[in-house]
Amino acid sequence: MIDENAFGILVAFSKIEDEEYASDDLEQFVDRFTLFQRLTLQYVQDHPPAPQTRGLDLGHAIYVEFPDEEVSGLLAWVRSLRAELAAQALESSVFVTQGGRWVADEGSTDVQLSHAGAVPFASWVGPSEPLRRAMFAETASHGLLCEDDAWGIGFYLDVDAMESLGIRPKNEPTFLEVAGARFVRVSR
């Protein structure tokens, strides 16, 4: 296994529960979340954010991750994807993170399908700090204790990712912290 630095991008369908509970029509709700998945996956297919991207469909969110080499235009990539989702009235929150991850040696696969008895599992080979940070932030966007402390819908950038990308804010940003990770809100 190899330990390397990587970027992660979690694209979450922010109001999925609201749409489910507000819908009287099961098919309409299924159409909405499959539209989110289809548009996001199509965007990743047509515009991969970087070479060697791998992805994970979580149902309510799509996560992509790639080595932190040869990355350019990441903020524009996120803005363009969010615009495509917004054009279909799909409210999204996106979390760009950076950190260490463990991947398979060259020639091996990072994705494994296995069983624990009768229970099927799909897994990545090793742990991912970018994924963990993105999941922490996605939770914080909904509120850790209640909706009153929620970060809300938006585009969030991990401070480590910001530094790795060489981004320097013009003004002193307001830092949002969760589980040891620091984020700034790029846009709503």
Side-chain angles (χ1 to χ4, degrees), residues 1 3-20 33 36-37 39-41 43-44 48-50 52-68 71 74-75 77-79 81-82 85 90-104 110-114 116 119-165 173-188:
M1 294 193 72
D3 180 15
E4 68 180 14
N5 288 329
F7 285 105
I9 303 173
L10 182 75
V11 181
F13 184 179
S14 298
K15 298 288 185 177
I16 192 167
E17 288 87 4
D18 294 345
E19 289 205 23
E20 177 184 9
F33 81 76
F36 167 81
Q37 290 172 317
L39 289 173
T40 305
L41 293 173
Y43 191 84
V44 170
Q52 301 177 44
T53 298
R54 66 180 184 177
L56 184 62
D57 183 343
L58 299 167
H60 77 288
I62 303 292
Y63 177 75
V64 293
E65 188 176 270
F66 42 89
D68 71 355
V71 176
L74 203 51
L75 301 184
W77 188 92
V78 170
R79 285 184 178 115
L81 169 58
R82 288 191 79 214
L85 294 171
L90 295 166
E91 294 189 67
S92 66
S93 288
V94 176
F95 309 88
V96 176
T97 59
Q98 196 265 351
R101 71 172 182 174
W102 287 89
V103 294
D110 283 334
V111 179
Q112 296 178 347
L113 302 175
S114 62
V119 180
F121 278 91
S123 62
W124 283 355
V125 171
S128 166
E129 183 181 11
L131 175 58
R132 288 181 49 244
R133 287 178 176 219
M135 290 173 26
F136 295 153
E138 202 270 336
T139 299
S141 75
H142 295 280
L144 298 173
L145 300 175
C146 64
E147 205 170 293
D148 293 341
D149 69 347
W151 294 359
I153 292 171
F155 171 14
Y156 297 91
L157 184 59
D158 179 353
V159 171
D160 289 352
M162 186 170 68
E163 290 172 2
S164 184
L165 292 168
T174 300
F175 294 106
L176 302 167
E177 297 187 40
V178 60
R182 296 174 78 197
F183 289 80
V184 295
R185 178 180 290 155
V186 176
S187 63
R188 290 201 185 273

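These numbers come from the heavy atoms of this one structure, side chains and all, not from hydrogens, waters or symmetry mates. All values reported here derive from a predicted model rather than from experimental measurement.
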**Prompt:** Which residue pairs pass the salt bridge (Lys or Arg N to Asp or Glu O under 4.0 Å) test with at least one member in residues 90-102, sequence neighbours excluded?
**Reply:** Glu4-Arg101, Glu65-Arg101

**Prompt:** Would the number of heavy atoms belonging to other residues, nucleotides or ligands and lying under 6.0 Å from CD of Gln112 be above 12?
**Reply:** yes

**Item:** Qualifying residue for side chain to side chain contact (heavy atoms under 4.5 Å, CB included) with Ile9, from Leu74, Leu81, Ile62
**Value:** Leu74

**Asked** Would you call Phe36 and Leu85 a side-chain contact if the rule is heavy atoms closer than 4.5 Å?
**Response** yes

**Message:** Going by side chain to side chain contact (heavy atoms under 4.5 Å, CB included), Tyr156 matches just one of Val94, Leu176, Val186. Which one?
**Reply:** Leu176

**Item:** Shortest non-hydrogen contact between Pro130 and Thr97, atoms and distance
**Value:** O-OG1, 2.9 Å

**Asked** By salt bridge (Lys or Arg N to Asp or Glu O under 4.0 Å), which residues pair with Asp160, not counting sequence neighbours?
**Response** Arg133

**Fill in**
By ring-ring contact (aromatic ring centres under 6.0 Å, His included), Tyr63 pairs with (sequence neighbours left out) Trp124

**Asked** What's the spacing between Leu58 CG and Met135 CE if we round to 0.5 Å?
**Response** 7.5 Å

**Message:** To check you understand the geometry: which heavy-atom pair defines the closest contact between Val184 and Pro173, and what is its length?
**Reply:** CG1-CB, 3.5 Å

**Prompt:** Can any side-chain N or O of Asn5 pair as donor or acceptor with the backbone N or O of Asp68 at less than 3.5 Å?
**Reply:** no

**Asked** Looking only at heavy atoms, which two atoms of Val78 and Val96 are closest? And how far apart?
**Response** CG2-CG2, 3.8 Å

**Prompt:** Does any non-hydrogen side-chain atom of Leu131 lie less than 4.5 Å from one of Leu56?
**Reply:** yes

**Request:** Please work out which of the three classes, parallel, tilted or perpendicular, describes the rings of Phe66 and Phe7, given edges at 30° and 60°.
**Result:** tilted

**Request:** Quick one: closest heavy-atom pair of Ser92 and Arg82, and the distance?
**Result:** O-NH2, 2.7 Å

**Prompt:** Which heavy atom in Phe33 sits nearest to a heavy atom in Phe13, and how many Å separate them?
**Reply:** CA-CE1, 3.9 Å

**Prompt:** How far apart are the closest heavy atoms of Leu157 and Ala161, and which atoms are they?
**Reply:** CD1-CB, 3.9 Å

